[in-house]
Amino acid sequence: MSSYESSNKARPLLAKAYNPSEHESDIYDRWEKSGAFTPDGNKAIQKSDANPFSIIMPPPNANGNLHTGHAMFVIEDIMTRYRRMQGQPTLWLPGTDHAGIETQVVYERELKKDGLSRFDLGRDKFYAAALEFTVTNRPKIISQLRSLGFSADWSRLKFTLDEDIIATIYATFKQMHADGLIYRGNRIVNWCTSCQSSFADIEVKFVDRTDEIYTLDYGTVKIATTRPETIFADAAVAVHPDDVRYAKLIGQTATIPLIDRPVAIISDDYVAQEFGTGALKVTPAHDKNDYEIGKRHHLPEISVVDLDGKLINVPDEFAGVSVKDGRQAVVTALEAAGKLIKTTPIAHSVGTHDRCGTTIEPLITEQWFMRVAEPNAKVIQAIESGEIKIIPERFKKVAIDWLANEYDWNISRQNWFGIRIPVFYKASSDPDKEPYIVTADENEAKAYYGEGNYRAETDVFDTWYSSGQWPYATLQSTGDFDRFYPTIVMETGRDILTKWVTKMAMFSLYRTGQIPFTTVYLHGMVNDEHGKKMSKSKGNVINPLDLTSKYGTDALRLALTIGITPGNDGSLGEAKVEGYRNFCNKLWNVARFVLGQLPEGYSPTDPQPKTAADAWILARVNAGVSEVTRAIEDYRFSEAGQIVYSLLWNDFADWYIEASKVEQNANILYHSLMTILKLLHPIAPYVTEAIWDASPATDSQLITSAWPQSVTITAALSAKAAEFEAIQAVVSAARTLTAEEQLSKPTILTTDKTIASSAELVTRLARAGKIELVEQGRGLYLGTATPAWIDADDSLIEARKHRLQSTQIEKEGYLKSLEAKLANERYTSSAPASVVEETRTRRDETAAMIAKLNEQLQTLVN
RNA sequence: GGGCGAUUAGCUCAGCUGGUUAGAGCACCUCGUUUACACCGAGGGGGUCAAAGGUUCGAAUCCUUUAUCGCCCACCA
């Protein structure tokens, strides 16, 4: 029985080199048209008891361009393709993200070209226009993803602003609100004056900067500050309760310079005695910590910076000035008033908005918050218990630490392009009505408040509030929830572990009572060829599409798989991709050879080994199957790639194909090639499919062919395979000697009948003239376990004398160490038996080689 | 300030729970038109696994300390 189906569709591989662009788009179309990307596209090989496999693709920005981060989705494709071939119902669900604030900024730039701003359009029109802009752009990123060969089910493509997705977000908000997890508060938040919105703590990036710290005269005390422009917002001066210097001042007042307003001197543990003067000006409205102090001491919250970053509620001369200019002006005024005691440079870190780099202004504004403590606790439990597994494991701690320490989450944003928070406020002051109701339906608001008596919330959700619900929102929308939820793997960059992955887990446990995925696989960042971070300013940004157009998609995919480990940064350079292009070409030519050898009308049958080489390659391929399978199952994709690489090139091409030029076994050639194609297909889908397509004996596509199974190798087969290994050792040694001594067609002598009986094979592989079976060796000993010599005259032996001697010394040293090891009883008793046994074998082999070397050197002495 | 990671051949990196004389690709050197492949073949050189201690029969791998680089977190104005 053959595992291969028959057909006559073979198309010869004519091109001498693999040309990716000739094949890729055709193949992709064929895959997609056949339905292979859909969950039951592998119906023919689907096992009835197989577990469904699903991955949700992290949705790229619909307005964005493909970068190396997206290219890393190749890991997801590998898993998807592997599972599909394993006969599991498989779903890789793609989507795109409206990317609220980013898109808004980009689209405003577009508007600016026409001399317009978003205010010219108004909120609703702007939203509609930005949405249209996004929908128009979306096909670009999708086609870029497709060009990378990603076998996602595009028929299920979702968008973060799809109506049903939004409905899910609304339902979650409503439920959370009812459960008391959501509240509205006038609190200090991170405000970006450029984006005109508040942001979550995690979106604040601290950058190290050197600024000036000013020591100011507050009358009774001196204070140190980096923000003199906010002195007008001071509500108190705080000192540490244990600070003897200030003990008697507590309860008295200090005087804010320039405006001569007295403020209380209070004591609070927060103050660091050793910092500055040990006295802190407390500005509740413009500093997060001061805000907390203010709450503890019931201090007034005086705002002196507005939403545009301009000074307000300050003396006229500073009003309306930016924070930066205001600071300078205030310093000048302080100096003139003799209140500036000193100015010193200080290295500190300043919060900036991670998207636009603008310095964050802590301001008090009305925002929506979510209480995260309780929901997060459930996530921590799921991670700690291992219900959610994180690869690499060390990120478990990162995730847990983050979840345990997260403050209430500011979920509202003031940008315009986003999902509006489903709330209506009453416009009148009717005391009988709630100040706001939670609903997305305006009719409800109308019915509740009465026509004209309500207004809609204008804030939108933090983008992570909606994307955090992506797994179940999408699957519910496509009708796949029951079959594919929870998903199996979430594969994403380790940089959004806290921002996104933890949120998904939190929302999912809250809404579905289940984890959203069982395994989180985190990839690191892709750096340039020197391991340096890619950045526009350094000009070392690599565009994956430049590489694929030059070297083919498979080459890029291999480069992003091999040599890259989870959680660690990897490097990508043109040379690496070029190397894998060469590999693809190697495979192509191997296939050209193999397919070219098959007889007319060839129909494969089960491979039966005849020669030692046959047995050897069967064993190698079989081992490859089990190793690659295990590596993929264990998420060791780099190793999986390396194993196939070496199997194809070092084993199959370098040895077996060469051997097959002496004695051919079509079934084994064919079986080996087909198996390698399957093993490589998840990583390099195009070239493998192209070759599969040209193979004579199948009418199905490789993408939906069954993953190979490894079998138990019989003792007889492995004995036969060992014969070939002996041949390889002799051939290699002969080659080395031939090359080093620049011999031409030397004669190989051996006392081993098996080697001698493979005369044609050995001579061809070793480029030897001939091989003779002899009773007694002569000439130059090859140093192999199987006795073999190069027939040589004394001058050559003399020339090799030093080499022989150094080899002898080296071997003897080695032998000594092995013997010492075996003499050590603690070694023989505590090391595993197999390890000890191996040591014994090596000792015996080494001893045998030394004996022959001695023999050889003996003759030289004479 | 705390935490994490990295440090292995000239370069970029593998090396799973400690067990052959430490690997790969590229680069380098020497040969080679053996018709599948020069996007190739054969051979070669190159590493005291950052340093110092420790645990162990055995350490690149585990522990401690140090150094350098990188990342994350953090409320010191």
Side-chain angles (χ1 to χ4, degrees), chain A residues 13 16-18 202 206 213 223-227 238 270-272 274-277 279-283 287-290 292-293 346 348-349 392 394-395 397-398 401-402 405 494-495 497-498 524-525 527-531 533 551 555 559 562-565 567-573 575-576 578-597 630-631 634 636 638-639 642 645-646 653-654 657-658 661 732 735-740 742 764-767 810-811 813-814 817-818 821 824-832 834-836 838-839 841-842 846:
Chain A
L13 302 176
K16 203 169 168 182
Y18 172 58
I202 200 165
F206 285 90
I213 183 163
I223 61 96
T225 182
T226 53
R227 301 207 55 186
Y270 168 76
V271 181
E274 66 282 1
F275 191 92
T277 62
L280 167 71
K281 76 185 210 43
V282 183
T283 319
D287 184 280
K288 214 174 148 191
N289 300 303
D290 291 8
E292 298 294 331
I293 296 173
I346 181 175
H348 64 158
S349 52
R394 66 186 136 95
F395 285 101
K397 195 167 148 354
V398 178
D401 287 352
W402 162 258
N405 293 312
R494 60 137 204 265
D495 54 327
L497 168 65
T498 48
M525 304 295 101
N527 293 329
D528 75 1
E529 60 193 317
H530 300 295
K533 194 172 174 171
Y551 300 108
I562 297 179
I564 291 197
T565 27
N568 284 359
D569 290 354
S571 66
L572 179 68
K576 190 174 180 187
E578 192 182 349
Y580 291 113
R581 185 274 314 262
N582 295 352
F583 171 72
C584 293
N585 187 55
K586 184 74 183 182
L587 174 63
W588 177 261
N589 276 291
V590 162
R592 282 213 310 149
F593 176 80
V594 171
L595 300 179
Q597 297 303 305
R630 216 170 40 129
D634 293 348
R636 291 179 286 116
S638 172
E639 272 182 75
Q642 281 175 58
Y645 183 101
S646 156
D654 290 349
I657 284 191
E658 292 311 313
K661 288 173 183 171
S732 289
R735 279 172 177 171
T736 304
L737 190 62
T738 307
E740 283 181 354
Q742 310 221 356
R764 180 177 174 119
L765 294 178
R767 310 245 138 76
E810 185 203 319
K811 295 278 180 203
Y814 184 45
S817 77
L818 292 174
K821 228 178 188 180
N824 183 342
E825 206 189 312
R826 286 202 285 182
Y827 171 70
T828 50
S829 60
S830 32
S834 60
V835 174
V836 177
E838 221 177 307
T839 310
T841 313
R842 270 184 283 128
T846 310

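So you know, we letter chains A, B, ... as the sequences are listed, proteins then strands, and number each from 1. A quick note: this is a predicted structure, and the numbers were derived from the prediction, not measured.
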Please state whether the base of C37(B) and the side chain of Lys586(A) form at least one donor-acceptor pair under 3.5 Å? yes
If you find the nucleotide of RNA chain B closest to Ala17(A) and the one closest to Val835(A), which residue's nucleotide is nearer the 5' end? Val835(A)
With a 4.0 Å limit, can you tell me whether Tyr270(A) has a side-chain N or O closer than that to the phosphate oxygens OP1/OP2 of C75(B)? no
Can a donor-acceptor pair be found, under 3.5 Å and without considering hydrogens, that links the side chain of Asn589(A) to the backbone of Lys16(A)? yes
Phosphate-side-chain proximity, Lys661(A) and A36(B), N/O vs OP1/OP2 below 4.0 Å: yes
Please confirm whether any donor atom in the side chain of Arg394(A) sits under 3.5 Å from an acceptor in the base of C4(B), or the reverse. no
Do Ser638(A) and Gln642(A) get their side chains close enough for a donor-acceptor pair, meaning under 3.5 Å? yes
Is His348(A) close enough to C76(B) that one of its side-chain N or O atoms is under 4.0 Å from OP1 or OP2 there? no
I want to check one thing: is the phosphate of A14(B), taken as OP1 and OP2, less than 4.0 Å away from some side-chain N or O of Thr565(A)? yes
Can you tell which of C37(B), G43(B), C57(B) lies closest to the side chain of Ala739(A)? G43(B)
Go through the N and O atoms of the side chain of Glu740(A) and the base of A42(B), and report whether any donor-acceptor pair is under 3.5 Å. no
Quick check: Tyr645(A) with Phe583(A) (ring centres under 6.0 Å apart)? yes
Within the structure, does a side-chain N or O atom of Thr736(A) lie under 4.0 Å from either OP1 or OP2 of G44(B)? yes
Has the side chain of Arg494(A) got a donor or acceptor atom that lies under 3.5 Å from a matching backbone atom of Gly524(A)? no
Using a cut-off of strictly less than 4.0 Å, decide whether Arg735(A) has a side-chain nitrogen or oxygen near OP1 or OP2 of G43(B). yes
Consider the side chain of Lys16(A), meaning its heavy atoms from C-beta on, and name the nucleotide among G43(B), G5(B), A38(B) that approaches it most closely. A38(B)
Looking at U68(B), which nucleotide sits across from it as a Watson-Crick or G-U wobble partner, both distances under 3.5 angstrom, or is there none? A6(B)
Is any side-chain N or O of Arg494(A) closer than 4.0 Å to OP1 or OP2 of C72(B)? no
